[in-house]
Amino acid sequence: MSILIKNGTIVTSVNEYKADVLIEGEKIAAIGTGLEGRADQVVDASGKYVFPGGVDEHLHYNSFSSLGYETSDAAAVGGTTTVGDFVVQPKGIGLKDSIIKYKKEAVEGKAMVDYVLHGIIMDPTDQSFNDIPFMPEVGVASVKLFMAYKGMDYYATDDSIFKALQIAKKCGVTIMVHAENADIIDVKVKQLLAAGKTGTENFSLSRPILCEAEATSRAVYMAKMANAPLFVVHVTNRAAAEVLREARAEGVQAFGETCTHYLSLNDKNLEKPNFEGAKYVCNPPLRPQEDVDYLWEAIRNGWILAVSSDHCAVIGGFAIAKHRGINDFSKIPPGAPGVQDRLHMIWTYGVEKGKISRTKFVDVCCTKPAKICGIYPQKGEIDVGSDADIVIFDPDYKGVFSNETSLHDTDYNAFEGFEQIGRAEKVFFRGNLVAENGKFLGKEGQGQQVMAKPYGLCYDGFRE
Ligand code: URP
Ligand code: ZN
Ligand code: ZN
Ligand code: ZN
């Protein structure tokens, strides 16, 4: 089967131009004009943009008590054709075996988009660390450690992070960190609760900006000492972003991403009455508007490489799960849904507002995430030989973000009521039309693992 996407404007991370795209089977076979003779079917994309399927390098299916791949149709309708998902290592199971088990039990037969897996070390023993060099055998080239979450199994102390960095650099595995100072958070939470400050408006006070900046800086120092690359997930503010910016100016391979919500929602949302603030509890917290504004500047200038959703639709949603913290903000399960909305939000509030160009949009939502995950140029690119994951984007569409039109299968949308401009009108996934005008047309289990190549990010092979 061959399909010609005709008359559209192709947008990549470096340029935009008018040309037709020929899909043969699952791959992009040719780009140019005069390709009609090779096509079984022609799709007209006049007046539309044609860009690579979105790659969301950081989200949670199953981890942190979130809904699983049964809800991954939401990604597809939002124009995201590949997700980067985090695999929690169960106690007593090797790091590598945890990937094999997870794929079999939680993903195969369910995934509706392609996925690349990242490991999470839960058992910080030498046995786990020694598994790191074998992760690429199961398609994994990034392992995350959590500097936050004191008292939890996945809480990683500095010794584990340092050891992981030392081992990972030798085999091209990227160490990712959730950087927040867990000890300070622990003290702050206890002090706030002791003072009777239990409401959601206290949440950001319990995890201040400097907590994140300090942990980011500590992680960067550890990376320098280990002479290893580092990737910091969900950077939320200027202080933390500047740590990374300065490190890179010095030649340290320390990179970061931010997320849709940190670019569009500020900490005032946590003050909403009737416990509505709980909908916006995610880690690290939402920040003041000046940080929101700074993050746009940071992605525009390449100080922050990519935008993920950190989609984490907790089982039980707002009505049940979030309400566990009705008398204690620290018991609210963190996370917000958002995989379906990422491209549309970044287009509406980035491109349409003149904050970033269309090429930068493709760069931060598709191309850089694929590089970060070690799956470029199979994913995140419109080029001959790349997977035919293609979005035909209608810039004239006008709508409103709402949980009603969402396939997230939860009970709220963090962007409820926000104006939407532009939409992923048609989404091709390895050559098949899987979503059209917000409707999912694909099938469960169509998603496959994309095998991450080591040295995807940072090293000599990394080209921005
Ligand atoms: O609040 C968030 N981000 N929930 C998911 C877990 C994490 O730390 O990424
Ligand atoms: Zn569904
Ligand atoms: Zn995190
Ligand atoms: Zn996360």
Side-chain angles (χ1 to χ4, degrees), residues 55-68 71 75 80 83-89 115-122 142-156 161 174-182 185 189 200 203-204 206-207 211-213 215-216 219 230-237 240 256-265 267 269-270 277-287 304 306-318 321-322 324-325 329-339 342 369 372-373 408 410 412 414:
V55 180
D56 192 343
E57 78 273 8
H58 172 180
L59 59 54
H60 301 269
Y61 285 139
N62 300 294
S63 53
F64 288 87
S65 303
S66 60
L67 295 167
T71 63
T80 287
V83 295
D85 182 25
F86 288 87
V87 180
V88 173
Q89 173 195 19
Y115 53 93
V116 54
L117 300 174
H118 313 290
I120 296 178
I121 296 179
M122 291 285 271
S142 36
V143 171
K144 180 156 72 166
L145 291 113
F146 289 88
M147 300 170 83
Y149 305 126
K150 193 178 165 77
M152 305 304 277
D153 285 342
Y154 36 82
Y155 170 51
I161 295 165
T174 302
I175 294 300
M176 300 179 154
V177 289
H178 171 139
E180 283 186 288
N181 184 312
I185 293 167
V189 167
T200 55
F203 179 70
S204 54
S206 75
R207 311 176 81 98
C211 245
E212 187 186 328
T216 306
L230 175 77
F231 186 78
V232 182
V233 295
H234 49 43
V235 177
T236 70
N237 64 79
E257 58 155 25
T258 188
C259 310
T260 322
H261 39 292
Y262 302 120
L263 289 162
S264 56
L265 300 169
D267 57 355
N269 288 282
L270 292 161
K279 294 177 176 174
Y280 306 93
V281 165
C282 53
N283 292 331
L286 299 178
R287 302 303 190 188
I304 285 181
V307 181
S308 73
S309 67
D310 197 5
H311 171 85
C312 184
V314 290
I315 297 168
F318 174 64
K322 293 276 184 181
R324 279 182 212 125
F329 67 81
S330 73
K331 295 207 164 62
I332 300 169
V339 63
R342 183 181 64 117
I372 289 163
C373 293
H408 287 147
T410 187
Y412 78 98

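Just so you know, ligand 1 is whichever comes first in the structure, and atom 1 is the first atom listed for that ligand. One-based numbering along the sequence shown.
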Participant: Going by the side chain to side chain donor-acceptor pair (under 3.5 Å) test, name the single residue among H178, H58, E180 that passes it with H234.
Facilitator: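 Exactly one option meets the side chain to side chain donor-acceptor pair (under 3.5 Å) with H234, and it is H178.
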Participant: How close does the nearest protein non-hydrogen atom get to atom 7 (C) of ligand 1, and which residue and atom is it?
Facilitator: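 The closest one turns out to be Y149 OH, 3.6 Å.
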Participant: Protein N, O or S atoms less than 2.8 Å from the Zn ion (ligand 3), ignoring waters?
Facilitator: H178 ND1, H234 NE2
Participant: When you compare the side chains of N237 and E212, does any donor N or O come within less than 3.5 Å of an acceptor on the partner?
Facilitator: yes
Participant: Would you say the side chain of L286 lies within less than 4.5 Å of the side chain of H261, judging by non-hydrogen atoms?
Facilitator: yes
Participant: At what distance is the nearest protein heavy atom to atom 3 (N) of ligand 1, and which residue and atom is it?
Facilitator: D310 OD2, 2.7 Å
Participant: Ring centroids only, cut at 6.0 angstrom: are F64 and Y149 within range, meaning strictly under it?
Facilitator: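 F64 vs Y149: aromatic centres under 6.0 Å.
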Participant: Do any nitrogen or oxygen atoms of G335 come within less than 3.5 Å of a nitrogen or oxygen of ligand 1?
Facilitator: yes
Participant: Could you tell me if any non-hydrogen atom of F86 lies under 4.0 Å from any atom of ligand 1?
Facilitator: no
Participant: In terms of residue, atom name and distance, what is the protein heavy atom nearest to atom 1 (O) of ligand 1?
Facilitator: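 The answer is N283 N, 2.7 Å.
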Participant: Tell me, which protein residue and heavy-atom name are nearest atom 5 (C) of ligand 1, and how many Å apart are they?
Facilitator: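 Nearest neighbour among protein heavy atoms for atom 5 (C) of ligand 1, to 0.1 Å: H60 NE2, 3.5 Å.
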Participant: Under 4.0 Å from any heavy atom of H58, which atoms of ligand 1 are there?
Facilitator: 9 (O)
